[in-house]
Amino acid sequence: MKCDRQTLPIAAIREENTSLRTFTFNGKLNAEPGQFIMLTIFSQGEKPFSIQDVDENSFSMTIKNIGPFTDRLFKMKDGELVSVRGPYGQSFTRKTGNILMVGGGYATPPLRFLAKKLREDGVTRLVNINGARTAEDLLYVDDFEILCHQSHVATDDGSLGHKGTSVGVMENILKHDSFDRVYISGPEKMMKAAVVVAKKHALPYEVNLERYMKCGVGVCGSCVMDPTGFILCMEGPIVDNETLDGLDDFGVSHRGKTGHKITI
Amino acid sequence: MKCDRQTLPIAAIREENTSLRTFTFNGKLNAEPGQFIMLTIFSQGEKPFSIQDVDENSFSMTIKNIGPFTDRLFKMKDGELVSVRGPYGQSFTRKTGNILMVGGGYATPPLRFLAKKLREDGVTRLVNINGARTAEDLLYVDDFEILCHQSHVATDDGSLGHKGTSVGVMENILKHDSFDRVYISGPEKMMKAAVVVAKKHALPYEVNLERYMKCGVGVCGSCVMDPTGFILCMEGPIVDNETLDGLDDFGVSHRGKTGHKITI
Amino acid sequence: MRFLGKEISTPLTLASGILGISFSSLQRVIRDGAGMVTTKSLSIEPREGHEGPIIAEFNGGLINSVGLTNPGIAEGLEEVEKFHAGIDGVVIVSVFGANAADFVQLSKAVNDSSADILELNLSCPNVEDEFKRPFALMPDKITEIVSAVKAVSTIPVLAKLSPNANDISAIAKLTEAAGADGLTMINTLGHGMVVDAVAKRPVLRNNIGGISGPCIKPLAIKLIHDAFKVVDIPILGTGGVSTGLDAIEMMMAGAGAIGIGSAVYDHGLEVFKSIRDEMETFMEVHGYAEYSDLIGILEEN
Amino acid sequence: MRFLGKEISTPLTLASGILGISFSSLQRVIRDGAGMVTTKSLSIEPREGHEGPIIAEFNGGLINSVGLTNPGIAEGLEEVEKFHAGIDGVVIVSVFGANAADFVQLSKAVNDSSADILELNLSCPNVEDEFKRPFALMPDKITEIVSAVKAVSTIPVLAKLSPNANDISAIAKLTEAAGADGLTMINTLGHGMVVDAVAKRPVLRNNIGGISGPCIKPLAIKLIHDAFKVVDIPILGTGGVSTGLDAIEMMMAGAGAIGIGSAVYDHGLEVFKSIRDEMETFMEVHGYAEYSDLIGILEEN
Ligand SMILES: Cc1cc2nc3c(=O)[nH]c(=O)nc-3n(C[C@H](O)[C@H](O)[C@H](O)COP(=O)(O)OP(=O)(O)OC[C@H]3O[C@@H](n4cnc5c(N)ncnc54)[C@H](O)[C@@H]3O)c2cc1C
Ligand SMILES: Cc1cc2nc3c(=O)[nH]c(=O)nc-3n(C[C@H](O)[C@H](O)[C@H](O)COP(=O)(O)OP(=O)(O)OC[C@H]3O[C@@H](n4cnc5c(N)ncnc54)[C@H](O)[C@@H]3O)c2cc1C
Ligand SMILES: Cc1cc2nc3c(=O)[nH]c(=O)nc-3n(C[C@H](O)[C@H](O)[C@H](O)COP(=O)(O)O)c2cc1C
Ligand SMILES: Cc1cc2nc3c(=O)[nH]c(=O)nc-3n(C[C@H](O)[C@H](O)[C@H](O)COP(=O)(O)O)c2cc1C
Ligand code: FES
Ligand code: FES
């Protein structure tokens, strides 16, 4: 059953920074990096979140307080019940070899999960670039340090690491280094820029897209992308280079709550 | 699904005698001797019938023209559609060893099927007693001749074989011969008599009971026997000695179309 | 726990129409773990019901057109006497008639027997050709029949309602106002047709039948919850229960006891024990001490 | 074959509310094997619909409370234009309003677009809090809306009916009499509640939702057959179809084409091809040359 639910108390809440918290639940989730779950707060609503870690008997998401739903979540305490369904969607392919990851802002959670899995798989070399506006906004700096063979940091204001974007760092690295594949997860504009760079270096890539999702299971049409009718919640959110080439909406437009089209 | 149906044309009709015909259908039925099917004639009704033979791709029942349903069936021709669900119920246990079968009238079909199976199983010795009112009423005389190591015939009027009942023959045989088990299928009074004989010789037995059956799947309650609430369509129609001892209704009463109790 | 004043060991109840013709089946179901058993619906005169096939399966449930086969009230009540002679257990006697006078006559007979509870089947969809629309869809008929029966019955009276009612809250309220001591909800959903494509015909001899089984559970729960919000009398929740979780959900929605019908077809009589065990496990894990702690605790979002 | 004058390659039709917001999904469903596609129901103004969860599963089907999320008629029809610019295929535009005037305004807009067929959603159970009872349960409302729309529509008009109607034959007849060119039957069954026992709450944010999927098939087939017997206009049969045999049964009962909704959830868009293949195999084995040979050939017992 695609909509099977687990209703669980919040097991732990970790403050990552002022606007981001990691919520952990004790429950089994058979998920791969890049997949997401639909999280219900009773009497409030339901929203999609990427999985940032899965252990034998627990899983967790890192969530940004950005609006009514997440605000309500941030007011909740250990032990309060929420409900989770999923995991949904397609994950990053788990390739070994020479791997680059480029992440930005609060979209880095699936890359953290991916890094862990790739290390388990025995990846040859894993290089990560972690970007955010300020040092304070950076996620998982220590985790990536441990999980990756090389870990770069970029901040818009230069408060930590390279001053500039993660895509800037990506460009620099690719000048003298080569990879088998790059995994990209960040704001859509940043991903668009990263894709241009990857293309220039003929580097196969996978991106992690976000669209408004109501059902998560390919029924409501909210997340569908033009002109191919790609159903992001089921066939994404991880999209490879070939598929992405067919999605004119990428970096251009998405759909809002009523299904109306909005230019990004 | 318990009520899965096969809708099939009648493949062949064989006249056994003036009132009995064997109807064959080309279809798969995974049945054991003693089990029955529910046969539907469209716009007419549905009735239970024992399986008298099953081959790789066909199965057949031998049916007596006794009332509106069977009369309608006897008017049907090759190629006309009926519908069958089942097989239902518990079969005779398939024991090897030294086996006796006692049959009477139009209740012999399951014994014919059983004989075939027991031979396939390599039964040590199979002795059959086949009884009916007259020679004309006897079923499968040649078949039993071939299938059994020894085959006896009894008719009430002595028109073939022993003059008297199959139970009479059974008594005679048991005077000088012994068996591991006896399978009994016939009119209830005859079975009652056969059971008395079997008990006298401490011979384990299984009988084939009939009750009014509407659903065949343990729901309508029509076939239930007192006082244990034994559900004949599911837990029978083959009943062993131990269970039969608990069924006060045996040989005494059954239920009619409305569920009312009728003394036999 | 108690239901309509009767002490019962579990809220699980055999629904009307399943096996319940003979004292022996009813006793067996009690032995197999039910807290109460309901007889097949009894009429004044014996009824043969419809020709077979009377039952068909589909993906999600059953349709049936038994057509209220029963041996008549006199013989039916003899079975109830035999039942009570042999076992301790609560029997609900279901009756149905063509009009209020029939119901009164039947109710008197039931009151003269050892029956514990009387259930008025106002909602069988399988005899519409004969009796027109089920009474449970006609407010004035419900009021007429229930109040007439209440005038003669000293044992508690359950009124069995139909899921086809368009405004169940109104129906539940007026049934309570007419004096019903409890509601049985729901009867089968009318009507479904299961087709045999090879034969180009409906499978049931009667063409159409009432729908039951897992697929009607969300409908039953919704209707039970609606009724629970507006009445104070207990509800015998029935419709699609086949697991302990189903039963718990239905009790949370407002059922004071749980009827089990089609699950007997799907899983056999063992289903009473398995549902009971699953309920107990859930209650232990989630800290519910008594069955009655579950009733109506559902909070809407 | 033809449906409402349109040549279609298969009778299989995407039902309203499934994916049908954008031209790209609609085109994709045509490429995936549908003969026609229905848009999500469009209203004059955009609607956000209900908060999530909007969908829940149970043993036998789905309940949903999408609540008619849509970007409004203007943007919806832009998608229809884009659809037709890129592919050959029949689009049914579904609309719904709060009254006859809304429906007329919407119908005019649809007539000014390249839409092939207009569908009036008179039967959504998910907005009852907002719009009271579905129009499809109120004979006078059906007559009013359908005849008003027919006065302004030159493209064929389908009226979508509710399974909650107590007398579908009467409803079907009066809908035909009001001028409808065809019937879409059935919308989701109202209402079901799926409970989360751990949370002691309904799963849907909106508490209740419309029931769809395999479990409503026998109900849909019965209602379609009832309507088929009394009207001469074609029926877009919808409700629980997920296999070729389901589709054939429904066509035999009287459907002239087949809507597919929940099966997309259960089996993905490949379901259109698999249903078509299964239908073709059945037709070959049993000697039916054309889809149209199946329509209404069911004989009652
Ligand atoms: C596949 C996927 C994975 C995601 N993973 C994460 C994650 O790991 N961490 C995280 O913090 N956020 C994640 N998001 C975004 C998250 O769903 C939104 O932040 C959240 O829904 C905001 O809800 P709100 O009521 O707090 O804010 P609102 O005020 O309702 O919305 C704020 C913004 O959040 C986005 N949003 C709102 N509702 C949805 C929705 N139903 N679907 C998609 N986007 C929505 C929109 O961009 C909107 O402008 C993910 C989204 C998707 C589609
Ligand atoms: C398990 C079982 C196996 C059977 N196997 C065979 C068989 O192999 N060959 C055969 O000819 N007959 C068999 N019968 C009996 C057969 O079902 C009836 O002969 C048939 O139903 C008669 O229907 P009718 O309308 O022709 O006659 P009716 O006039 O309706 O009935 C004649 C008699 O048949 C019996 N009968 C009728 N309906 C039923 C019913 N629904 N269930 C049980 N008995 C019924 C009753 O004894 C009745 O008095 C079997 C019955 C059962 C229960
Ligand atoms: C085969 C069958 C026979 C039934 N007969 C009766 C009946 O005689 N009287 C009655 O009130 N309900 C009857 N019902 C309805 C059930 O009591 C019950 O209300 C309904 O089936 C829903 O419950 P379920 O989903 O657990 O089966 C019958 C149901 C079935 C399946
Ligand atoms: C998620 C979902 C959304 C729906 N939205 C609409 C809608 O907007 N308009 C409409 O007329 N019907 C809507 N329906 C009803 C379907 O079109 C269809 O009539 C019903 O689901 C029965 O068909 P099915 O069993 O194949 O799903 C919706 C159904 C589902 C499951
Ligand atoms: S979120 Fe509903 S189709 Fe993707
Ligand atoms: S025939 Fe219905 S219970 Fe046995």
Side-chain angles (χ1 to χ4, degrees), chain B residues 1-9 27 38-48 68-69 72 80-86 211-235 246-249 253-262, chain C residues 17-32 39-40 42-43 45-59 62-64 66 68-72 74-76 78-79 82 86 194 196-205 207 261-262 264-266 268-269:
Chain B
M1 307 243 287
K2 284 185 194 170
C3 278
D4 260 1
R5 315 177 69 81
Q6 303 185 49
T7 296
L8 301 165
M38 297 294 293
L39 179 78
T40 298
I41 304 177
F42 299 105
S43 293
Q44 175 76 37
E46 187 185 45
K47 296 289 179 182
F69 182 93
R72 173 80 187 279
E80 283 192 74
L81 287 180
V82 302
S83 175
V84 162
R85 60 185 171 99
R211 283 297 180 272
Y212 200 84
M213 292 187 184
K214 287 201 85 166
C215 73
V217 289
V219 167
C220 72
S222 164
C223 70
V224 169
M225 295 182 72
D226 293 341
T228 50
F230 187 77
I231 305 171
L232 193 72
C233 64
M234 285 178 65
E235 299 169 314
L247 302 181
D248 297 353
D249 276 356
S253 54
H254 65 102
R255 289 178 190 280
K257 290 189 184 191
T258 68
H260 63 289
K261 228 164 165 178
I262 303 169
Chain C
I18 313 301
L19 289 173
I21 292 181
S22 56
F23 80 94
S24 62
S25 335
L26 296 173
Q27 286 182 342
R28 179 167 174 184
V29 176
I30 292 281
R31 285 194 305 270
D32 280 347
T39 67
K40 228 187 136 38
L42 300 169
S43 49
E45 297 300 327
R47 288 174 58 91
E48 293 193 357
H50 296 128
E51 283 293 334
I54 53 164
I55 191 163
E57 261 175 89
F58 64 94
N59 194 343
L62 297 179
I63 66 171
N64 90 77
V66 171
L68 298 173
T69 308
N70 81 89
E75 184 160 339
E78 277 174 35
E79 299 287 331
K82 285 191 206 153
V194 171
D196 178 336
V198 176
K200 298 181 287 181
R201 285 178 177 280
V203 168
L204 295 189
R205 170 68 186 83
N207 300 307
S262 305
V264 173
Y265 170 88
D266 284 330
L269 287 171

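Proteins come first, then strands; the chains are lettered A, B, ... in the order of their sequence lines, and each starts at number 1.
A search for side chain to side chain contact (heavy atoms under 4.5 Å, CB included) contacts involving C:Glu78 returns nothing, not counting sequence neighbours. Shown here are the side chain to side chain contact (heavy atoms under 4.5 Å, CB included) partners of C:Glu57, two or more places apart in sequence or in another chain: B:Met1, B:Lys2, B:Cys3, C:Leu62, C:Tyr265.
Under the 3.5 Å distance criterion, with hydrogens and angles disregarded, a donor-acceptor pair is assigned to the side chains of C:Arg201 and B:Ser43.
Neither the backbone nor the side chain of B:Leu8 comes within less than 4.5 Å of any heavy atom in chain C. Only the backbone of B:Met225 has a heavy atom closer than 4.5 Å to any heavy atom of chain C. Contacts of B:Ser83 with chain C are made by side-chain atoms alone, with heavy-atom separations under 4.5 Å and no backbone atom involved. Only the backbone of C:Asp266 comes within contact range of chain B, with heavy atoms under 4.5 Å apart. Looking at C:Glu48, the atoms closer than 4.5 Å to chain B (heavy atoms on both sides) sit in the backbone and in the side chain alike. The part of B:Val224 that comes within reach of chain C is its side chain, from C-beta onward, which places non-hydrogen atoms under 4.5 angstrom from that chain. Contact annotation for B:Gln6: neither backbone nor side-chain heavy atoms come within less than 4.5 Å of a heavy atom of chain C.
The neighbour count for B:Glu80 CD, taken as heavy atoms of other residues, nucleotides or ligands under 6.0 Å away, is above 12.
C:Val264 and B:Gly218 make their closest contact through CG1-O, 4.3 Å (heavy atoms, listed as atom of the first residue, atom of the second, distance). Across every non-hydrogen atom of B:Glu46 and C:Ile54, the tightest pair is OE1-N, 4.5 Å. When all heavy atoms are compared, the tightest approach of B:Asp226 to C:Ser22 is OD1-CB, 3.9 Å. The two residues C:Pro71 and B:Gly259 make their nearest non-hydrogen contact at CB-C, 3.9 Å.
No other option in B:Phe42, B:Phe230, B:Phe69 has as many heavy-atom pairs under 4.5 Å with chain C as B:Phe42. Looking only at heavy-atom pairs under 4.5 Å with chain C, the residue among B:Met234, B:Lys47, B:Lys261, B:Gln44 that has the most is B:Gln44. Among C:Ser25, C:Gly52, C:Gly20, the residue making the largest number of heavy-atom pairs under 4.5 Å with chain B is C:Gly52. Highest contact tally toward chain C, considering only B:Val217, B:Leu81, B:Thr7, B:Ile231, is held by B:Thr7 [criterion: heavy-atom pairs under 4.5 Å]. In terms of non-hydrogen atom pairs under 4.5 Å with chain B, the most contact-rich of C:Leu269, C:Ile55, C:Asn70, C:Leu26 is C:Asn70.
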(request) Apply salt bridge (charged side-chain N to carboxylate O under 4.0 Å, His left out) to the pair B:Arg72 and C:Glu51, showing each step before the final yes or no. (result) CA-CA 14 Å; B:Arg72 173 80 187 279; C:Glu51 283 293 334; over 6 Å; no
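Between C:Lys40 and B:Cys220, the closest side-chain pair of non-hydrogen atoms is not below 4.5 Å.
Formation of a donor-acceptor pair under 3.5 Å by the C:Gln27 side chain with backbone atoms of B:Thr228 is not found in this model. The closest donor-acceptor contact from the side chain of B:Lys257 to the backbone of C:Thr69 lies at 3.5 Å or more, if one exists at all.
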